[in-house]
Amino acid sequence: MHELSITQGLVEAVLHRTGERTVTAVNLRIGPLSGVLADAVRFCFEVATAGTPMAGARLRIDEPQGRGRCRNCQDEFTLSDLILLCPCGSADVEVLSGRELMLMSVEVA
Amino acid sequence: MCTTCGCGDEAGTRISNLAGELQTPGPGHLHSHTDEHGRTYTHEHPDSHQHAHADSHDHHPGHADGHHHADPGTETILLEQNLLAKNDLLAATNRGWLAGRGVRAFNVMSSPGAGKTTLLVRTLTELGGRLNAGVIEGDQETSLDADRIRATGRPVIQINTGAGCHLDADMLRHGLDALSPEPGSTVFIENVGNLVCPALFDLGETAKVVIVSVTEGDDKPQKYPHMFMAADLVIVNKSDLLPYVDFDVDECLRRIRQINPRAEFITLSATTGEGLADWYGWLDGATSPAAAPTPGAARPEPLTGSLTEAH
């Protein structure tokens with residue numbers, strides 16, 4: 001459950017910026033190759049925000065697709081996991097997206 | 001439970017001293033919250049995030065940073081920061097601290113029971129005075145592993161993470177303070193037995209060593225790709241049991257290569273001593289952070305390092 005500590009870090013980072021203001025929404029971007037489960041963050045969010053000005057805030061998580069590019073055949077393709085294998089058989093794959101683990105923005109009242 | 005960070009008050013992190021006595025976390029303990037102004041928020045002050053200090057960073061109107069106003073009544077504040085930014089910053093601090101003292105730190109990770117402690121005990125015993133080393137032990141509970149290390153006569157600090165499933169950079173910071181390693185020495189960090197969570201948390205270590213034992217199955221690398229992707233060295237332990245289990249070393253290596261083309265690879269048995277010479281040779285060759293050009297930069301695609309650039 002590293003998502004709990006990551007969500008706690010998220011709450012700290014947000015409150016550091018927003019202080020006493022009521023936070024109404026939090027926008028994250030979590031890629032499928034980041035090692036963090038968006039659903040687990042959703043699960044932890046309520047617990048981690050309880051008793052803070054973030055309590056009750058809406059949590060939106062943008063989950064972009066993982067994309068890779070083969071350095072051999074230059075083909076671009078979808079990556080659903082970290083097994084970096086091009087359909088052409090090459091494992092020399094550059095990850096273009098999918099590792100995002102970002103706090104994008106917050107909305108405050 | 002602490003409502004600020006969610007950790008249990010009873011199950012919070014505890015750190016032993018060199019004599020093995022567990023310390024009660026005081027103010028500034030591991031689940032405290034320190035901001036860039038050096039203010040520490042502790043469990044006793046769960047509302048202290050309210051910025052009582054006098055400066056007025058980005059809270060007041062007239063600011064020139066990335067705020068924009070979405071609709072009347074609410075304001076959107078753009079942050080665009082890595083969720084692991086705080087840990088990564090503390091890890092960078094640790095890396096500098098270690099480099100300044102020429103101390104090498106190896107983050108040893110595996111699932112529970114793969115033989116981390118057994119390998120460390122044997123290494124410390126056999127290398128004796130040839131390797132000036134201390135150990136930081138991470139476990140959820142008990143000092144059993146630290147006791148085994150202490151029996152070798154080497155300095156050891158036990159970190160009990162309570163509910164925590166991994167060590168983070170802040171915990172290592174406290175562990176290093178308690179261990180106080182000599183300049184030029186080596187620190188083995190035995191992470192909490194877990195192939196999932198420790199992979200994401202940079203500690204500022206010189207290298208990550210991942211152990212997989214032959215009783216676990218050669219498909220572990222594909223089941224836990226983040227851990228094997230992060231590894232600098234993968235050790236296949238318990239090679240003495242190979243005749244009795246269905247574990248194909250070559251197949252395991254092939255699977256690791258698919259995920260991580262740069263990891264080194266050693267097969268050994270910490271029990272019989274087979275292959276240990278390779279491990280000692282690796283330890284001899286692993287440079288201290290002071291000697292390495294840019295620690296961590298040799299990794300083509302570090303898992304957490306790439307997260308900040310990703311967008």
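Predicted, not measured: the structure shown is a model, and the values here were computed from it. Labels below follow one simple rule: chain letters A, B, ... track the order of the sequence lines, proteins then strands, and each chain is numbered from 1.
With a 4.5 Å cut-off on side-chain heavy atoms, B/I77 and A/T18 count as touching. A/L103 places none of its side-chain heavy atoms less than 4.5 Å from the side chain of B/E80. In this structure the side chain of A/M104 never reaches within 4.5 angstrom of the side chain of B/L78, judged on heavy atoms. Using a 4.5 Å heavy-atom threshold, the side chains of B/T76 and A/S105 count as touching. Between A/I6 and B/L84, the closest side-chain pair of non-hydrogen atoms falls below 4.5 Å. Side-chain contact between B/E75 and A/E107 is absent, with no heavy-atom pair separated by less than 4.5 Å.
Partner B/K86 forms a side-chain hydrogen bond (donor to acceptor under 3.5 Å, both in side chains) with one of A/H16, A/E12, A/Q8 and no other, that one being A/E12.
A pairwise comparison of heavy atoms in B/N82 and A/L101 identifies OD1-O, 3.2 Å as the closest pair. A/H2 and B/L200 get closest at one heavy-atom pair: CD2-CD1, 3.0 Å. Closest approach of B/H226 and A/L33 over heavy atoms only: CE1-O, 3.1 Å.
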Problem set entry | Criterion side chain to side chain contact (heavy atoms under 4.5 Å, CB included) on A/E3 and B/C197, from CA distance to verdict | CA-CA 9 Å; A/E3 281 85 358; B/C197 311; 5.9 Å; no

For this session: Quick one: do A/V106 and B/L79 satisfy side chain to side chain contact (heavy atoms under 4.5 Å, CB included)? Show the steps, please.
Result: CA-CA 7 Å; A/V106 294; B/L79 294 163; 3.8 Å; yes

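Other residues, nucleotides and ligands contribute only 12 or fewer heavy atoms inside 6.0 Å of the CD atom of A/E46.
A/D81 pairs by the salt bridge (Lys or Arg N to Asp or Glu O under 4.0 Å) definition with nothing, not counting sequence neighbours.
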